[in-house]
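By convention in this document, chain letters (A, B, ...) are assigned in the order of the sequence lines, proteins followed by strands, and residues within each chain are numbered from 1. What you see is a predicted model; the values in this text were computed from it and never measured.
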Amino acid sequence: MALRLYDTLTKEKRDFAPLDPSRVRMYVCGPTVYDFAHIGNARPVIVFDVLFRLLRHLYGENHVKYVRNITDVDDKINDRAARDYPGLPLNESIRKVTEQTERQFHDDVDALGCLRPTVQPRATEHIGEMRTIIDRLVEGGFAYVADDHVLFSPGAMNAANSVLPRYGALANRSLDEMIAGARVDVAPYKRDATDFVLWKPSKPGEPSWQSPAGIATQGRPGWHIECSAMSWKHLGETFDIHGGGIDLVFPHHENEVAQSCCAFHTERMAQTWMHNGFLQVEGEKMSKSLGNFFTIDQLLRQRSFGSNKWHGYVLRLSMLTAHYRQPIDWTIERLVEARKSLRDWIDTAYGTEPQSLEPPDELLSVLEDDLNTPGVIAVMHGLNKEARNSPESAEKLHRAMKFMGIWNGERTDDIYGYGYDVGDGPSRHEVEPLIEARTAARARKDFKESDRIRDELAAMGIAIKDGKDSDGKPVTTWEIAR
RNA sequence: GGCCACGUGGCGGAGUGGUUACGCGCCGGUCUGCAAAACCGUUUACUCGGGUUCGAUUCCCGACGUGGCCUCCA
């Protein structure tokens with residue numbers, strides 16, 4: 001079984017064959033660092049982390065290069081900086097915003113069990129590469145200067161009639177359709193409604209750099225050029241996989257393809273284009289006005305969603321319960337179910353010693369089929385069931401979970417719901433004396449008293465489970481009720 | 001309006017031209033002072049209408065529905 005991936009451009013699942021197996025190259029569009037990342041942002045981060053892990057397994061840890069950019073130049077950043085640090089010069093306030101947001105982003109995705117990409121380049125550190133690409137596009141006749149802007153012309157690209165792809169091929173639409181659908185308020189400096197900005201002049205106070213194409217005034221890059229620049233710098237003119245959310249297909253990725261292929265005279269920018277489906281929250285598009293907007297930080301660290309904090313492993317597993325190309329409806333019920341699965345599996349796998357870091361074969365064959373993570377979850381449920389009669393299956397389950405990044409062998413009490421390390425809810429000092437009193441009452445068969453204590457605990461939000469230890473002595477465990 | 005994706009049992013969610021997905025829930029049982037938990041077992045499906053086919057949930061066409069993109073967006 002070989003890795004098969006669905007390619008957005010050709011609309012088919014194909015065997016994956018890297019251009020250079022000793023150097024597998026993947027680029028994924030990363031965050032614009034102006035605010036906390038939300039749970040929708042988490043989806044591609046998790047999905048492509050799974051792919052990164054799989055590629056590392058298949059080709060070797062040192063033979064996969066994963067680049068995820070950090071966009072640190074953007075109007076939203078400027079606005080946020082001016083709002084949050086009105087007293088500071090814009091340069092400084094922008095740096096504060098981007099550094100702080102980047103740190104927060106890393107805290108969040110670390111908690112989601114994601115490995116760090118090989119390189120996380122910043123847009124502002126690649127202005128030189130952007131200028132080079134823009135100059136080449138102007139020289140090649142694909143872009144032009146107007147009013148201190150540099151504009152890319154999809155029309156010129158399609159007229160070139162060479163190895164270049166057709167503009168619109170990725171998003172599967174024609175230039176004519178786009179012209180028909182274009183807004184009436186086309187900027188006056190554009191020759192054509194479909195032309196898009198590669199470079200624009202900076203207003204006073206805005207971040208600015210030396211402009212390309214002989215433009216005298218200082219300027220700043222358009223939105224799409226950074227990814228062409230950074231993927232070129234770190235991965236080369238063409239590479240294997242380019243990923244991101246499906247909403248990026250047009251215009252962002254379409255324009256990246258145009259820029260890169262025209263600058264380098266290549267047929268394809270990436271061999272495989274991968275896009276994850278959209279996320280909704282409780283059946284509706286996530287938006288602040290609907291009150292269903294959740295940041296990763298809120299889910300992890302505040303009781304904002306379903307009055308619960310959610311462990312990063314739970315968030316990650318719940319994200320993997322749907323295939324990455326399918327839309328996903330993010331609900332409390334989904335998280336509760338993921339948490340239950342995770343607890344069952346940890347109960348089984350806890351304490352086993354993985355014999356290697358290899359994922360089980362039955363998991364690999366499923367995952368290699370275009371990242372069929374729901375299938376992987378079914379495999380894990382199967383291992384969990386087999387583990388009742390087979391210690392080897394428990395060990396396999398341990399390896400499977402490690403490989404998928406949903407557990408690393410630790411005791412995670414906030415998954416189990418024990419209150420004492422969560423910081424709120426009843427503490428073990430309040431609960432355990434009552435448990436002991438109930439055990440004593442049961443021992444003297446005072447069931448009226450033992451039931452009364454159970455009711456009292458229930459009122460505190462504590463659920464209890466009676467069992468027996470290995471000597472047959474009654475043992476009661478407890479957890480925060482859900 | 002244009003383009004695209006999706007529509008599976010109470011819920012979540014894979015997959016397949018003819019054979020059990022899987023998980024949760026429900027129900028029954030074992031266990032338990034009683035519950036809960038755990039364990040064992042059972043149950044329900046492929047939006048609608050045409051077509052292709054020996055046979056379609058799976059392919060084709062149409063309808064309806066949901067969502068996405070077309071403007072910043074994962």
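- Nucleotides B/G29 and B/A36 are separated by 12 Å at their P atoms, to the nearest Å.
- A search for side-chain hydrogen bond (donor to acceptor under 3.5 Å, both in side chains) contacts involving A/Q326 returns nothing, not counting sequence neighbours.
- Here A/K285 reaches the OP1 or OP2 of B/C69: one of its side-chain N or O atoms lies under 4.0 Å away.
- Not a single donor-acceptor pair, N or O on each side, falls under 3.5 Å between the base of B/G12 and the side chain of A/E333.
- Defined by atom type and a distance below 3.5 Å, a donor-acceptor pair is present between the side-chain atoms of A/R14 and A/T10.
- Within a heavy-atom distance below 4.0 Å of RNA chain B, the residues of residues 247-259 of chain A found are A/D247, A/L248, A/F250.
- Evaluation of the salt bridge (charged side-chain N to carboxylate O under 4.0 Å, His left out) test over residues 103-113 of chain A, restricted to residues two or more places apart or in two chains, returns A/D108-A/R301, A/D110-A/R116.
- Comparing the C1' positions of B/C69 and B/A63 gives an interatomic distance of 23 Å, to the nearest angstrom.
- For the salt bridge (charged side-chain N to carboxylate O under 4.0 Å, His left out) condition, the pairs that include at least one residue of residues 319-337 of chain A, sequence neighbours left out, are A/R325-A/D370.
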Per-nt protein contacts along nucleotides 32-43 of chain B (heavy atom under 4.0 Å; B base, S backbone sugar-phosphate only, - none) come out as -BBBBSSSS---
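- Atom NE2 in A/H224 sits roughly 10 Å away from atom C1' in B/C72 (whole-Å rounding).
- The side-chain hydrogen bond (donor to acceptor under 3.5 Å, both in side chains) test applied to A/T272 returns no partner, not counting sequence neighbours.
- Legend: residues meeting side-chain hydrogen bond (donor to acceptor under 3.5 Å, both in side chains) with A/Y66, ordered by chain and number and at least two apart, are absent.
- Taking every heavy atom of residues 75-82 of chain A and every atom of RNA chain B, pairs under 4.0 Å involve A/K76, by number.
- By the stacking rule of 5.5 Å between ring centres and under 30° between planes, A/F278 stacks on the base of B/A74.
- Scanning for ring pair (Phe, Tyr, Trp, His ring centres under 6.0 Å) contacts around A/F293 gives A/H38, with sequence neighbours left out.
- For A/W407 and A/H398, the ring centers are positioned less than 6.0 Å apart.
- Applying the side-chain hydrogen bond (donor to acceptor under 3.5 Å, both in side chains) criterion to A/H275, with sequence neighbours excluded, gives A/T8, A/H253.
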Determine which bases of RNA chain B form Watson-Crick or G-U wobble pairs with both distances under 3.5 Å, and write the result as a 5' to 3' dot-bracket string with | for other-strand partners. (((((((..(((.....[...)))..((((.......)))).....(((((..]....))))))))))))....
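- The list of salt bridge (charged side-chain N to carboxylate O under 4.0 Å, His left out) pairs with a residue in residues 374-384 of chain A, not counting sequence neighbours, is empty.
- Within the 4.0 angstrom heavy-atom criterion, only backbone atoms of the sugar-phosphate kind lie near A/R334; the bases stay farther away.
- Distance, A/L170 CG to B/C69 C1': 12 Å, rounded to whole Å.
- Geometrically, A/K76 engages A/Y34 in a cation-pi contact defined by less than 6.0 Å to the ring centre and at most 45° from the axis.
- B/G15 atom P lies 15 Å from atom CD of A/E368, rounded to whole Å.
- Under the 3.5 Å distance criterion, with hydrogens and angles disregarded, a donor-acceptor pair is assigned to the side chains of A/T124 and A/D72.
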